[in-house]
Amino acid sequence: MDDLKYQVFLILGKDGKFEEKTSEIDHYRVDAEGVHVRFRGSAKTFAYGAQRIAILRSPVQVPLDGIRVEIDGKVIGDVSGVLCFDNPAGTWWRIFASDSPANSFSTFPGPRVRILRDEAALAPRAAAILNYWRSIVEILGDDDPLAWPYGRLRSVHPESVLSRYLNAEPIVPSGFPAPRIFPFSSNLSQSDAVENALLYPISVIDGPPGTGKTQTILNVIANILGDADATVGVVSFNNAAVANVGEKLKEEGFGYIVASLGNKENKEAFFASRNEGTGDPDRPSTEIGPESNIQLMEVNARMRRLQVVDRDRALRRHELKAYLLEQRHFLEHLDRHQVPALADIPLLRRSSERILDFLADAEMAAYYDGPVGRVVRRIRGYFRYGRTGGMNPADTDVLLQLQRIYYEKRVDELAQQIAVAERTLSSANFARDREEQGQLSTAMFRNALRLRYADTEWVEYKADDYKHRFAQFSKAHPVILSTCHSLANSIGSGKLLDYLIIDEASQVNLLAAGLALASARNVIVVGDERQLPHIVDQTVAATPPYSAYDYVRHNILSSLLELYGNTLPRTMLREHYRCDPMIIEFCNKKFYGGQMIPFTTSSCTQPLLVMSTVAGNHMRHHREGGKSNQREVDVIQQEVIPQQFAGVSPDRIGVTAAYRRQVGKLGDALDNLDVDTVHKFQGRQKDIVIMSAVIDESKQGNIGTKFVDDAHLVNVAVSRAVERFVLVTNHGKLRRTRNLRDLVDYIEYRDPTATLKSDVISVFDLLYRDYSARLAPLAARLKRVTNYDSENIVWTVLQDLFAESPYSDFYAHNNVKLRHLVHSLDGLTVEERSYVRHGASLDFVVFNRTSNRVAFSIEVDGFLFHEDRPEQLLRDRRKDAICAARGLNLLRLPTTGSGEERLIRERFDNVIYDEDTASAN
């Protein structure tokens with residue numbers, strides 16, 4: 001007879017379904033009577049037409065290239081052959097395992113087997129990327145922890161999110177909107193992030209410091225597990241980075257759903273702890289009815305409306321503090337200029353917006369030509385503003401007093417808006433609805449878990465056998481914690497989790513991320529591109545086939561941002577709950593474009609402090625590497641701690657520096673405090689953080705500027721502090737840095753005791769922004785920002801440059817009054833004083849975004865208006881003299897010239913070079 005390997009014997013069972021009996025048949029013979037079959041220990045004849053036996057012959061051999069075999073949802077490794085039998089009795093598959101004795105086989109009915117065409121690995125694009133990554137693994141060497149996992153990554157599951165990522169497939173909704181649960185509470189940004197995570201196969205959650213990333217992850221997990229069969233992996237670059245998720249779930253009574261896997265030690269600890277228990281944990285048993293869904297939908301809708309009000313209240317509080325601060329500086333400026341008071345007129349009793357309207361109308365008056373236009377404007381002004389007593393806003397004395405009234409009005413209006421929001425939240429019982437949402441969500445989460453565990457029993461697993469029963473194991477422990485490179489080994493080769501959450505994604509390199517993405521169908525990437533990125537060997541010499549997959553330049557977060565751009569489903573968590581508002585506002589303005597909204601209140605009078613060392617170069621560069629500054633160690637030990645934090649519990653204080661050698665010196669001197677590098681502090685927080693800058697104004701200090709002044713590092717260092725942050729630095733306050741210098745300027749601007757030594761003051765940015773918003777509708781009638789095409793060209797060039805990363809630290813205002821930019825008129829000639837008083841302005845002034853200080857100014861000189869008019873040339877010379885005397889760094893751009901963009905860019909670069917000279921050394 002034919003080799004049984006190439007035949008299948010099907011016998012009709014009692015349930016009417018064919019079962020394979022090949023392994024039980026020793027011999028068979030076919031004659032006129034039928035099929036005579038000798039089983040082991042018995043014999044039987046099956047007559048033709050009885051439909052009780054089917055013999056499948058002539059199978060089709062399936063090529064193994066580019067396929068994987070999945071049986072009952074489990075991918076089988078090391079398959080040496082696949083045969084497909086197909087006839088009216090149905091399709092059957094015979095799978096040969098190369099690692100079994102005598103090349104044995106098993107046979108399965110069609111529905112239990114799925115042949116996966118590994119199209120991702122075979123696609124030229126995906127193959128090129130994988131080959132590039134594997135070449136890097138070879139460079140890293142066999143000792144690298146990525147070497148073994150990449151040796152086992154022979155193919156990419158076509159349903160995995162790695163396949164989608166490598167092939168840059170479009171991100172389209174794969175889920176559907178449904179009532180979401182928030183058992184761990186939530187806000188507007190967090191609920192939006194949860195929605196995106198469940199709707200799209202790839203989504204990103206941007207989590208700036210203190211915005212509740214872990215809480216958001218917990219709510220995502222709770223919603224995923226609403227499906228009784230769903231699984232989710234939480235991974236990061238190391239085990240410590242994901243341990244927080246497991247600890248939080250345990251604290252809330254859900255620890256039993258978590259399997260903390262990863263490396264061998266973690267697995268052994270998890271199973272030892274699990275099996276030491278008395279059996280099945282205390283799982284939920286209370287059933288809830290379908291009416292809970294309706295209740296939850298109603299309370300979610302109410303909560304969203306109230307959360308809008310709550311966020312608006314926090315935003316108004318934040319704005320009020322900013323206006324009060326700017327008002328204080330404005331009043332100091334006003335006192336120095338000794339401006340006479342205004343006569344009592346109706347306009348002074350109007351709203352802040354009406355005062356801005358008046359100023360904007362006066363600004364646009366130059367655009368109305370002829371006597372008729374002036375009469376119309378005067379009549380319209382009377383009805384809009386009432387009697388103005390012939391006020392002339394071109395007189396800067398009048399302008400300054402009107403602006404004083406504007407601040408008063410605006411502060412009062414914001415206070416009233418806050419009060420209205422508080423009454424709304426109180427009358428709607430916001431706290432009660434928040435509690436009800438949490439209780440309902442928790443009940444529904446527990447009910448989902450009840451359904452999951454309804455038909456399961458507690459089973460003991462061991463580290464060396466759980467993967468053989470992973471479907472059963474993951475039913476009991478649907479949340480898998482692991483590192484990226486260990487995930488595939490934690491769940492078993494070829495298996496796919498339903499969801500993957502990558503935490504601290506900015507520190508996860510592409511090779512590690514790729515391994516994790518190969519083990520899941522959907523991914524939620526959680527991170528912050530403004531915090532410290534991953535560290536890779538910059539000398540790795542390999543050229544990526546596509547820039548978005550560059551191992552050296554990208555982590556998984558930045559890679560997705562480049563790959564998908566604006567099509568990437570992305571949510572920024574905006575509500576901040578950790579730091580003192582003054583502390584986080586530096587990070588907010590400097591690094592996050594002002595998008596965060598602080599929900600915290602200040603608990604001390606001086607949350608930010610700069611401590612300077614005495615004159616001298618105290619930094620030392622060590623031959624064996626690294627830098628240290630003993631003088632800063634002494635200042636921290638002998639002045640900062642005893643003078644500022646006497647009696648404060650040591651566990652509330654963290655001391656940090658960029659250099660490990662300095663951390664060592666600090667640790668020796670402060671053995672009872674938590675001392676570590678800034679990199680090690682990422683993801684942590686302390687009530688009080690003291691940072692030693694180390695570098696000084698010496699040549700060696702300047703060489704170290706680029707490392708210490710890194711934007712990611714400064715952001716992390718400052719945002720670790722909950723209540724107070726202290727920068728201990730060189731006596732010169734690091735004037736040749738960018739980010740640290742901006743921090744010092746920010747502190748000095750906000751501290752009432754700080755003295756600004758420059759003759760140029762910081763601009764009143766809120767005033768100018770609000771004024772520009774009122775001016776815009778009028779200017780729009782002329783389809784331009786200013787009255788001259790040349791100025792509009794310069795404005796456009798500036799906006800384009802601000803979009804480039806080297807210049808994103810700056811912004812500009814047009815038509816800035818000179819009187820707003822100088823402390824006083826002292827030292828000016830009579831003619832210069834008169835010139836400034838009567839509305840002299842600069843066409844454009846570029847400011848530092850964080851400190852609001854002037855970077856440089858621009859004048860656009862039209863030929864007819866400047867070179868061909870002697871009286872204007874005289875005014876230009878006065879303006880030049882004032883700018884030179886006050887350090888306003890004036891750039892003149894004649895319209896008869898060319899290359900405006902190049903000239904502006906050069907001026908930008910000169911400013912940045914002066915600020916960041918060390919980077920060029």
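For the single chain, residues carry numbers from 1 onward in sequence order. All of these numbers come straight from a predicted model, not from anything done at the bench.
- The two residues D528 and P208 have their closest heavy-atom pair at OD2-CA, 3.5 Å.
- Other residues, nucleotides and ligands contribute over 12 non-hydrogen atoms within 6.0 Å of the NZ atom of K467.
- For R660, the CZ atom sits in a loose shell: 12 or fewer heavy atoms of surrounding residues, nucleotides or ligands are nearer than 6.0 Å.
- Separating the NZ atom in K462 from the CD atom in E268 is a distance of 12.5 Å, to the nearest 0.5 Å.
- Judged by distance alone, with hydrogens and angles left aside, the side-chain atoms of H712 form a donor-acceptor pair with the main-chain N or O of E529 at under 3.5 Å.
- Counting only heavy atoms from C-beta outward, the side chains of L487 and L497 approach each other to under 4.5 Å.
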Please determine whether side-chain contact (heavy atoms from CB on, under 4.5 Å) holds for the pair I480 and T231, giving the CA-CA distance in whole Å, both sets of side-chain angles, and the decisive distance to 0.1 Å. CA-CA 8 Å; I480 308 296; T231 54; 5.9 Å; no

* List the steps, then state whether side-chain contact (heavy atoms from CB on, under 4.5 Å) holds for L218 with V245. => CA-CA 7 Å; L218 296 180; V245 172; 4.0 Å; yes

Verdict with reasoning, L198 to I224, per side-chain contact (heavy atoms from CB on, under 4.5 Å): CA-CA 7 Å; L198 300 172; I224 289 172; 3.8 Å; yes

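- Among V526, N555, L517, V242, the one residue that satisfies the side-chain contact (heavy atoms from CB on, under 4.5 Å) test with I502 is L517.
- The distance between the ring centers of H477 and F270 falls below 6.0 angstrom.
- The backbone N or O of H554 lies less than 3.5 Å from no partner atom in the side chain of S558, so there is not a single donor-acceptor pair.
- Here CZ of R180 is found 11.5 Å from CG of D192. Values are rounded to the nearest 0.5 Å.
- Closest of all the heavy-atom pairs between R530 and N715 is O-ND2, 2.9 Å.
- At a cut-off of 3.5 Å, with distance as the only test, no side-chain donor of D227 or Y499 sits close to an acceptor on the other residue.
- Under the 3.5 Å distance criterion, the side-chain polar atoms of T107 are left unmatched by any main-chain donor or acceptor of R94.
- In this structure, R112 and W93 have side chains that are not in contact, with every pair of non-hydrogen atoms separated by 4.5 Å or more.
- Of all heavy-atom pairs between Q190 and G212, the closest is NE2-O, 3.5 Å.
- Remark: D142 CG is loosely packed, at most 12 non-hydrogen atoms of other residues, nucleotides or ligands lying under 6.0 Å away.
- Atom SG of C484 is separated from atom CG of L511 by 11.0 Å, given to the nearest 0.5 angstrom.
- No side-chain donor-acceptor contact under 3.5 Å links D465 to the backbone of Y461.
- Between L146 and P149, the closest heavy-atom pair is O-CD, 3.3 Å.
- Put simply, the side chain of D550 reaches to within 4.5 Å of the side chain of Y132, judged on heavy atoms.
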inquiry  = Run the side chain to side chain donor-acceptor pair (under 3.5 Å) test on T483 and N239 for me, step by step, so that the C-alpha distance in whole Å, both residues' side-chain angles and the decisive distance to 0.1 Å come before the verdict.
reply    = CA-CA 6 Å; T483 58; N239 285 295; 5.0 Å; no

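- Rounding to the nearest 0.5 Å places NZ of K264 at 10.0 Å from CG of D464.
- In the model, E575 has a side-chain atom that pairs as donor or acceptor with a side-chain atom of S189 under 3.5 Å.
- With a 4.5 Å cut-off on side-chain heavy atoms, Y592 and D206 do not count as touching.
- In this structure, N266 contributes its side chain and S260 its backbone to no donor-acceptor pair below 3.5 Å.
- Remark: E159 CD to E70 CD distance equals 7.0 Å, nearest 0.5 Å.
- Under the 3.5 Å distance criterion, the side-chain polar atoms of S559 are left unmatched by any main-chain donor or acceptor of I556.
- Side-chain atoms of Q682 never come within 3.5 Å of backbone atoms of Q531 as a donor-acceptor pair (strictly under, hydrogens ignored).
- Using a 4.5 Å heavy-atom cutoff, the side chains of L573 and I205 are in contact.
- Using cut-offs of 30° and 60° for the angle between ring planes, the F254 and F445 rings count as tilted.
- When atom types are taken as modelled, the side chain of H157 and the backbone of A520 share no donor-acceptor pair closer than 3.5 angstrom.
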Applying side-chain contact (heavy atoms from CB on, under 4.5 Å) to R578 and R720, what does each step give before you reach the verdict?
CA-CA 9 Å; R578 177 197 295 164; R720 299 310 94 194; 3.5 Å; yes

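- Between E460 and R469, the shortest heavy-atom distance links the atoms O-NH2, 3.6 Å.
- Within the 4.5 Å cutoff, side-chain heavy atoms of D229 are placed close to those of K475.
- Closest approach of A548 to L510, counting heavy atoms only: O-CD1, 4.0 Å.
- Interatomic distance, K248 NZ to I221 CD1, rounded to the nearest 0.5 Å: 13.0 Å.
- At a threshold of 4.5 Å between non-hydrogen side-chain atoms, the residues Y564 and V204 do not count as touching.
- The backbone N or O of I535 lies less than 3.5 Å from no partner atom in the side chain of N509, so there is not a single donor-acceptor pair.
- Within the 4.5 Å cutoff, the side chain of F96 has heavy atoms near those of the L83 side chain.
- A donor-acceptor pair shorter than 3.5 Å can be found between the side chains of T571 and N196.
- Using a 30° and 60° split on the angle between ring planes, Y546 and Y549 fall in the perpendicular class, above 60°.
- Taking the six-membered ring where tryptophan is involved, the planes of Y466 and F271 are tilted, since the angle between them lies from 30° to 60°.
- Judged by distance alone, with hydrogens and angles left aside, the side-chain atoms of S519 form no donor-acceptor pair with the main-chain N or O of L496 at under 3.5 Å.
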